[in-house]
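Report on one structure; see the data block that follows.
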Amino acid sequence: MRILGIESSCDETALALVMRAGDRLLVESSTVLSQVKIHAAYGGVVPEVAARKHMEALFPMLEHTLPRGGAGIDAIAVTAGPGLAPALRTGVEVAKTLAWLWHKSLIPVNHLEGHIYASWLPEGTPPTQPLTGALPTFPALCLLVSGGHTELIFMKDHGVYERLGETLDDAAGEAFDKTAKMLGLPYPGGPQIAARAETGNKDAFDFPRGLLDRPDLNFSFSGLKTSVLYMLRKHDADLEESAFIADVAASVQEAIVDVLVKKTVRAAKRVAPKSVILAGGVSANKALRKRLAEAMHAAGIPLYVPPFAYSVDNAAMIAAAGAFRFDDATDHADPLTLAADPNLEIIGRPSPTPPS
Ligand code: KG4
Ligand code: ZN
């Protein structure tokens, strides 16, 4: 089957065409239009601006991606939540309209589930061949780390999730973004911190590892943020020094990665998964990939990470998650009533018609 994916939950407008045969996927096309430069001026994403930019982009991008009339596609998958309400609504309304006009199945996808399914996508520039390597096996333990979420999720089967732990305050991506801002680095801060960290000393500053001393699987990154803030107040003049910024960046990255990896190892000991899946925008972080790979190698559990192109927001991952929901008619939504849900939870099967 062939499925169109639409993603508009935050500041990336994305469309993709994905083919599924059995449990193998290939990407025919994947386009992402980033609004990062527009929002950088505000230091973060402005929801109404994001929505307007999505509307401007979606139709020209569709024209480019699909034949008119949607010939050759079986379904449309769209991010229904979580995300910024005005931004989500643009993608959802476009998907509903196309599904209704073209008589195609409409499949609402949870954005976080999309991130997890990025590990089912093949590497390489589209059009790709189907993925030939091993696929994640169940039960799988997912470390989901994005700009808005940090969760450990136990995935028992396709679409069946149990949350083992989550952040009590900031998400890991937010911790990267906020500390980058304090260092005077532009939004989004994650890639900036990662780049500066390459030449820095990760042991230069001993920043707090939130909740590491507690046996549960929850996270907290607000203490790290405060600690960086207080430290910087004492080192105002050093902010001009690129070596100082590199040391802070390396130490911040180390504190975040350390907690993420240690809590994932702890969760793996508890639930004994057959595979571990790293998902979400922070999965683009090379230090995290390396440390987690070493830890999982030591634990003897195969680790799956998404291709870099599908680590951060994209529509191929939304199409991928939708493709695995296509066979179950109860996962199809009514194009007249589907509503975006900014707080959509990944636990349980997403309702085809979430409350508005
Ligand atoms: O999943 P995503 O693209 O959007 C959300 O669903 O939130 O994640 C974006 C987050 C941002 O906080 C960004 O700073 C972070 O992922 N990020 C990174 C890296 N690339 C993106 N964090 C650390 N290192 C990176 N290389
Ligand atoms: Zn995301």
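Predicted model only: the values in this text are computed from it and were never measured. Both ligands and their constituent atoms are indexed starting at 1 by order of listing. Because only heavy atoms are used, hydrogens play no part in the values below, and waters and symmetry mates are left out as well, while side chains stay in.
For the pair I38 and V46, the minimum side-chain heavy-atom distance is 4.5 Å or more.
Counting backbone and side-chain atoms alike, H115 contributes an N/O/S atom closer than 2.8 Å to the Zn ion (ligand 2).
Shortest distance from the Zn ion (ligand 2) to D313 is reached at OD1 (N/O/S atoms only). The Zn ion (ligand 2) is closest to atom NE2 of H111 (considering only N, O or S atoms).
Side-chain atoms of R196 do not come within 3.5 Å of backbone N or O of A194 as any donor-acceptor pair.
Protein heavy atom at the shortest distance from atom 9 (C) of ligand 1 is G147 N, 3.8 Å. Considering only non-hydrogen protein atoms, atom 21 (C) of ligand 1 sits nearest to G281 O, 3.4 Å. Regarding atom 2 (P) of ligand 1, its nearest protein heavy-atom neighbour is D313 OD1, 3.3 Å. Of the protein's non-hydrogen atoms, N285 ND2, 3.0 Å is the one closest to atom 24 (N) of ligand 1. Looking at atom 6 (O) of ligand 1, its nearest protein heavy atom turns out to be H111 NE2, 3.1 Å. Considering only non-hydrogen protein atoms, atom 15 (C) of ligand 1 sits nearest to V282 CG2, 4.0 Å. Annotation: atom 18 (C) of ligand 1 to nearest protein heavy atom, G190 CA, 3.6 Å.
With respect to E93 and K96, a salt bridge is recorded, a charged nitrogen being found less than 4.0 Å from a carboxylate O. One finds no salt bridge joining R52 and E56 here, because no Lys/Arg side-chain nitrogen approaches an Asp/Glu carboxylate oxygen to under 4.0 Å. Salt bridge status for D216 with K263: present, with a side-chain N to carboxylate O gap under 4.0 Å. With respect to the salt-bridge test (charged N to carboxylate O, under 4.0 angstrom), the residues R20 and D327 qualify. Taking 4.0 Å as the cut-off between side-chain N and carboxylate O, E174 and K181 do not count as a salt-bridged pair.
Note: L15 CG to M61 CE = 4.5 Å, rounded to the nearest 0.5 Å.
Put simply, part of P191 is less than 4.0 Å from ligand 1, judged by heavy atoms.
Residue Q129 qualifies as open at atom CD: its count of foreign heavy atoms under 6.0 Å is 12 or below.
With 3.5 Å as the limit, one finds no donor-acceptor pair spanning the side chains of E166 and H149. Side chains of S311 and R289: a donor on one and an acceptor on the other come within 3.5 Å.
When the options V36, V145, D170, D177 are ranked by their closest heavy atom to atom 13 (C) of ligand 1, first place goes to D177.
At a heavy-atom cutoff of 4.0 Å, ligand 1 is contacted by no atom of Q253, backbone or side chain. Contacts between K286 and ligand 1, counted as non-hydrogen atom pairs separated by less than 4.0 Å, are absent for every part of the residue.
Taking every heavy atom of G148 and a limit of under 4.0 angstrom, the matching atoms of ligand 1 come to 7 (O). Distances below 4.0 Å separate heavy atoms of H115 from the following atoms of ligand 1: 1 (O), 6 (O). Of all atoms in ligand 1, numbered sequentially from 1 with element shown, those under 4.0 Å from a heavy atom of V312 are 3 (O), 21 (C). Against a heavy-atom cut-off of under 4.0 Å, G173 is close to the following atoms of ligand 1: 12 (O).
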